[in-house]
Amino acid sequence: MAQSNIKVAVQKFGNFLSSMVMPNIGAFIAWGLITALFIPTGFFPNESLAKLVDPMVKYLLPLLIGYTGGKLVHDQRGGVVGAIATMGVIVGSDIPMFLGAMIMGPLGGYIIKKFDQFIEGKVKTGFEMLINNFSAGILGGILAILAFLGVSPAVDGFTGALVVGVDWMVAHGLLPLTSILIEPAKILFLNNAINHGILSPIGAEQIRTNGQSILLLLETNPGPGLGILLAYCFFGKGTAKQSAPGAAIIHFIGGIHEIYFPYVLMRPLLIIAAILGGMSGVFTFVLLGGGLQAVASPGSILAILAATPGNAGSYVANISGVLVAAVVSFIVGSLILKTGKQSEDLDEAARKMQEMKGKKSSVAGSFTKQQGEVPASVQKIVFACDAGMGSSAMGASLLRKKVKQADLNISVTNTAISNIPSDAQIVITQEELTPRAQNKVPDAYHISVDNFLSSPEYDKLIDQLKNDHTTSKAEEEKRVSAENNTDSNDGLLKEENVFLNQHFSSKEEAIRFAGSVLVKGGYVEENYVEAMIDRDNMTSTYMGNDVAIPHGTEEAKKNVLRSGFTVIQVPEGVDFDGEKVRLIFGIAGKDGTHLEILSGIAITCSDMDNIEKMVHAKSAKELMAIIQSN
């Protein structure tokens, strides 16, 4: 358990570092192109234009990273203070301070966030702007000075030690061993921290003195991943084999290395193929004198060719290193796939990758099974989630309203994925749960949504259904009767369970708070709280429109004593896997008695004007009135 927690912490840390870099990849590309084109060894040497290179790598890129890091922690004010603090490490060093920016940016955001929390409600009317501006300036200035005096020398020392270590490894022919760390680190999403935080600053210094750097090829080499995907093309099975060619193109040409991670997760021994492929590629680069004169980002073969020094020897060295890495990983990967049992559940592997990353993956949709057309004569639409008590109930309520407004006689229900009826014609789930739903009812038409409260898929589906619907009268009457027989829920939303102006440092803290309210109210047993954490880790309970509805897993239904709700207002928001949540509805559902009020909450929260009213409500009664008015 402890080892698993450490792994999750490392993955989240790696993803946070990556989140500081990824929004600024365009700036890295611009710097790389200008470097490759105009430095003395570039394609079109130009002394005047080459003057852009140093300021971009020393000032522009670290400031962007620092600003982004601060903004991740505390929005705009965090970004501003993070950038000011980053300036201290920039001026205090002669090397590009990407690593220093990754430290000072988030630190600046955190400091100003804590200050804002401390003074909340204590500033007199009319002095808000004065306090906000001076606090950001003073705290930012103090952090810049501390960064200049302390952090910058420390990062300089650390980087100097790394340079010595790299030089020693090169001198003793040990540089290929770095693949033992780099290739597994990719699976932990530490690649951007390694490439841009460590390798790029050292590489930039080597480019300034030598015209190129081999370090910029260590992480960006697409060869190892290409070899693994090609092995699946020949020796894979099922969906993995069918999807591998397309994934290989995205990886090799598009430079998105993340797309081959699920293939490795399906057969973990393939990490050996990645490591041996990486080592072989680095050995080839060293042997032939390969290197880049600018950062290749993303790690595409096109980016590598664009950043290769303009001479035949460099092209031969770099292309050979990529090809050797691909051949070695292909051979090793093929042996592993042929000699061992492999999982064919690529969708499940993609889901695991997203869980590791801690947020939605930009390439996970590449593995989703293809859908046909919406079936004719639709009679039953089913919303499904893990437990069938929260997100699916809210989604079903919203779509049911739209179906009624469109005058369609179609049954819209919700259930747990494990209980999806075999006659369901259309199944709607969160994107991460779609593979499980497809396995349960493979013949149904599946729709994936990432925002249950305002997904455009609802209106799109209604437009399609208007053309053909023939729900039986008996089915519709049965549904209406079931809804009318729902127990009265007027007492479920209680004033003592509404909490205003709450602050949480993490989603887990927020979920535990909601769970504790349900426990104290006698709605659930204590172990239901852990089930709420497990449910959110399985698939985020973020619903869209700044709303989250934490609730337990399907297995935890036995721990629910009676239906109950808690409403928690978080004006500053709390991060739910990269999404800002300002309203939290903690849910415990027993025998469907919570569905009526949950339907009302869903309809209320589908309108952002209502969200703003609830976020700014000054009393529990005011907030409850907004919910009950819909």
Side-chain angles (χ1 to χ4, degrees), residues 6 9-10 13-14 16-18 20-21 28 31 54 57-59 61-63 65-66 69 85-107 143-186 188-221 275 278-279 281-283 285-286 289-297:
I6 293 173
V10 171
F13 177 67
F16 181 79
L17 296 179
S18 175
M20 281 192 270
V21 175
F28 278 90
W31 168 62
D54 275 356
V57 73
K58 287 192 66 176
Y59 296 98
L61 298 179
L63 282 173
I65 292 173
T86 299
M87 199 65 195
V89 290
I90 292 173
V91 177
S93 174
D94 292 327
I95 64 172
M97 267 291 159
F98 300 160
L99 187 59
M102 290 180 179
I103 296 171
M104 295 310 302
L107 178 61
L143 287 172
I145 295 171
L146 293 176
F148 179 86
L149 296 176
V151 178
S152 185
V155 175
D156 263 346
F158 175 71
T159 305
L162 290 176
V163 170
V164 172
V166 168
D167 290 341
W168 181 84
M169 295 183 75
V170 171
H172 291 78
L174 299 177
L175 196 61
L177 295 180
T178 57
S179 296
I180 297 175
L181 297 176
I182 289 175
E183 295 303 328
K186 287 185 177 182
L188 293 173
F189 296 95
L190 291 169
N191 50 318
N192 280 299
I194 292 173
N195 191 34
H196 296 299
I198 297 174
L199 300 179
S200 292
I202 301 175
E205 192 64 24
Q206 290 182 342
I207 291 172
R208 185 156 47 179
T209 56
N210 303 323
Q212 69 177 44
S213 173
I214 191 175
L215 299 183
L216 303 182
L217 285 165
L218 300 186
E219 187 274 336
T220 56
N221 185 357
I275 291 173
M279 293 176 66
V282 176
F283 177 79
F285 294 141
V286 173
L292 300 179
Q293 58 185 4
V295 172
S297 186

- Message: Go through it in stages, so that I can follow the logic: the residues are Met97 and Thr86, the test is side-chain contact (heavy atoms from CB on, under 4.5 Å), and I'd like the CA-CA distance, side-chain angles, deciding distance and then a yes or no.
- Response: CA-CA 8 Å; Met97 267 291 159; Thr86 299; over 6 Å; no
To the nearest 0.5 Å, how far apart are [atom1] in [X] and [atom2] in [Y]?
X: Leu143; Y: Met87; atom1: CG; atom2: CE; answer: 15.0 Å
X: Trp31; Y: Asp54; atom1: CH2; atom2: CG; answer: 9.5 Å
X: Leu292; Y: Leu217; atom1: CG; atom2: CG; answer: 4.0 Å
X: Leu177; Y: Ile182; atom1: CG; atom2: CD1; answer: 11.0 Å
X: Leu61; Y: Phe28; atom1: CG; atom2: CZ; answer: 4.5 Å
X: Leu99; Y: Met104; atom1: CG; atom2: CE; answer: 12.0 Å

- Where do Val282 and Ser179 land on the side-chain contact (heavy atoms from CB on, under 4.5 Å) test, with the steps shown first? CA-CA 8 Å; Val282 176; Ser179 296; 3.9 Å; yes
Any side-chain heavy-atom pair from [X] and [Y] closer than 4.5 angstrom?
X: Ile95; Y: Thr159; result: yes
X: Val155; Y: Ile103; result: yes
X: Leu216; Y: Ile207; result: yes
X: Met279; Y: Ile180; result: yes

Locate the shortest heavy-atom distance separating [X] from [Y]; write the atom from each residue and the value.
X: Asp156; Y: Gly92; result: OD2-O, 3.9 Å
X: Asn221; Y: Gly281; result: ND2-CA, 4.2 Å
X: Pro106; Y: Ala101; result: CD-O, 3.8 Å
X: Gln293; Y: Gly211; result: CB-O, 3.3 Å
X: Lys58; Y: Ile90; result: O-CG2, 3.2 Å
X: Leu215; Y: Leu175; result: CD2-CD1, 4.4 Å

